[in-house]
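Comments concern the structure below.
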Amino acid sequence: MKPVAPVLMAAALWGTVGPAQIRADTGAHPVSLGAARMLLGGLVLTALMARPAGLRSLRLPGTRRWLVVSVLVTASFQVCFLQAVERSGAALATAVAFGTLPAVGGVCGRLLPGERPSPRWAAGTACAVAGIGLLLLPGGAGRADALGIAYGAAAGASFGVYIAATEELGARGADLDAAAPVSVLCAGLLVSPYLLIAPGGLTTVPGAALVGWLGLGTTALGYPLFTRGVGGLGAATVGTLSLTEPLVATVLGVALLGERPGPLAAAGAALLLGGLFTVSVPGRRRASTEP
């Protein structure tokens, strides 16, 4: 259970992103908000986690291309996810993004050498994705928007590839405590020109508070927790555990945003919890028959 707990805690923190964005109601453009979040969080992460030896490990053979992939999908996730939240609401956008994630994690697990998703992952993911599907039905947890759903699916795919890239970096000897800050900071720099195009809403008190929480609470704290756990788990399992995020977003939507999911959404949340439980709880070890 050691690697499971930090992944669940990181996912719970990330589940607050959408509700916080809607609650603050700053009017900031989602891409500008994502850039500000990554720059602040990346700077703090770099100051706290990156060490010269760790940074040098990112130059080992085979690590550079995975680091580039990590930067690109980090930027893609931020841009797509925050736009999905703006168009479709916190609960629905998070559900779409992280309903996509387990399937992407399973595909990556099949493609990467040395990893094969287990039957427990398949059963847990089936329950979790069915739960997400119930949340998406009419009368579920949010308002449907075709482009918002497309952004959410793209965000989920991006995060699935990020998980796989992180595992590949670790397998090639890269220091993940250095890889995470570099990925976040470089992704922020990649998107930062949008701060000049659409800076509105970020300089207000609610905007500054929102950037502070997203940069410090969900990024500077969430990424180290995630990095601590992801090295000991497969990409498929991490993808399914990350479904904690839409569950937290749905609960916060009810508690803080006045969203009132119906019976279908409640059943979906129950299935989602069942899937998480199936993947999270370690199975019983078989007794050895060898002498």
Side-chain angles (χ1 to χ4, degrees), residues 13-46 70-98 100-101 141-159 161-162 181-223 245-246 248-250 252-253 256-259:
L13 283 172
W14 292 338
T16 68
V17 172
Q21 180 185 354
I22 293 177
R23 181 77 172 179
D25 193 23
T26 62
H29 194 283
V31 180
S32 299
L33 180 60
R37 175 196 183 188
M38 289 186 289
L39 288 174
L40 175 60
L43 286 171
V44 174
L45 282 171
T46 301
S70 179
V71 170
L72 292 176
V73 295
T74 298
S76 172
F77 174 80
Q78 296 294 330
V79 169
C80 293
F81 180 68
L82 294 176
Q83 293 199 93
V85 170
E86 184 178 74
R87 298 186 69 94
S88 298
L92 185 60
T94 313
V96 172
F98 288 86
T100 307
L101 179 56
R143 60 185 189 276
D145 176 273
L147 188 54
I149 289 175
Y151 276 129
S158 298
F159 192 57
V161 176
Y162 172 80
V182 170
S183 295
V184 175
L185 183 57
C186 290
L189 292 172
L190 188 65
V191 184
S192 61
Y194 225 90
L195 290 170
L196 301 176
I197 299 173
L202 296 177
T203 56
T204 63
V205 173
L210 177 61
V211 170
W213 170 246
L214 297 185
L216 300 177
T218 68
T219 302
L221 180 58
Y223 273 84
E245 187 165 339
V248 170
T250 300
L252 291 178
L256 300 179
L257 305 177
E259 297 178 358

> Taking all non-hydrogen atoms of both residues, which atom of Ala198 and which atom of His29 are closest, and how far apart?
Replying inline: CB-CB, 3.9 Å
>> Using 30° and 60° as the class boundaries, would you call the ring planes of Phe159 and Phe77 parallel, tilted or perpendicular?
In response: tilted
> Which distance, rounded to the nearest 0.5 Å, do you find between the CZ of Arg23 and the OG1 of Thr16?
Replying inline: 13.5 Å
> Between Val31 and Leu82, does a side chain to side chain contact (heavy atoms under 4.5 Å, CB included) hold up when you go through it step by step?
Replying inline: CA-CA 7 Å; Val31 180; Leu82 294 176; over 6 Å; no
>> I need the minimum non-hydrogen distance between Gly41 and Val184, along with the two atoms involved.
In response: C-CG1, 4.4 Å
> Donor-acceptor pair, Thr74 side chain versus Ser70 backbone, under 3.5 Å?
Replying inline: yes
>> If you apply the rule side chain to side chain contact (heavy atoms under 4.5 Å, CB included), what do you find for Leu185 with Leu45, and how did you get there?
In response: CA-CA 8 Å; Leu185 183 57; Leu45 282 171; over 6 Å; no
> Taking all non-hydrogen atoms of both residues, which atom of Gly217 and which atom of Leu221 are closest, and how far apart?
Replying inline: O-CB, 3.2 Å
>> Taking side chain to side chain contact (heavy atoms under 4.5 Å, CB included) as the criterion, tell me which of Val17, Val85, Leu252 meets it with Ile22.
In response: Val85
> Counting distance only, does the side-chain N/O of Ser192 pair as donor-acceptor with the main-chain N or O of Leu189 below 3.5 Å?
Replying inline: yes
> Can you tell me how far the CG atom of Leu190 sits from the CG atom of Leu72, to the nearest 0.5 Å?
Replying inline: 6.5 Å
> With under 30° as parallel and over 60° as perpendicular, where do the rings of Tyr223 and Tyr162 fit, or are they tilted in between?
Replying inline: perpendicular
>> Quick check: closest heavy atoms across Ala187 and Ala75, and the distance to 0.1 Å?
In response: CB-N, 3.6 Å
> side chain to side chain contact (heavy atoms under 4.5 Å, CB included) with Pro181: which of Leu43, Thr46, Val44?
Replying inline: Thr46
>> Donor-acceptor pair, distance only, cut-off 3.5 Å: does the side chain of Ser32 make one with the backbone of Pro199?
In response: no
>> Testing the basics here: between Thr218 and Leu13, what is the closest heavy-atom pair and its distance to 0.1 Å?
In response: CG2-O, 3.6 Å
>> One pair to check against side chain to side chain contact (heavy atoms under 4.5 Å, CB included): Leu195 and Leu39. What are the steps and the verdict?
In response: CA-CA 11 Å; Leu195 290 170; Leu39 288 174; 3.7 Å; yes
> If you look at every heavy atom in Ala24 and Pro206, which pair is closest and at what distance?
Replying inline: O-CB, 4.1 Å
>> Testing Arg37, Met38, Gln78 one by one against Thr219 for a side chain to side chain contact (heavy atoms under 4.5 Å, CB included), which residue passes?
In response: Arg37
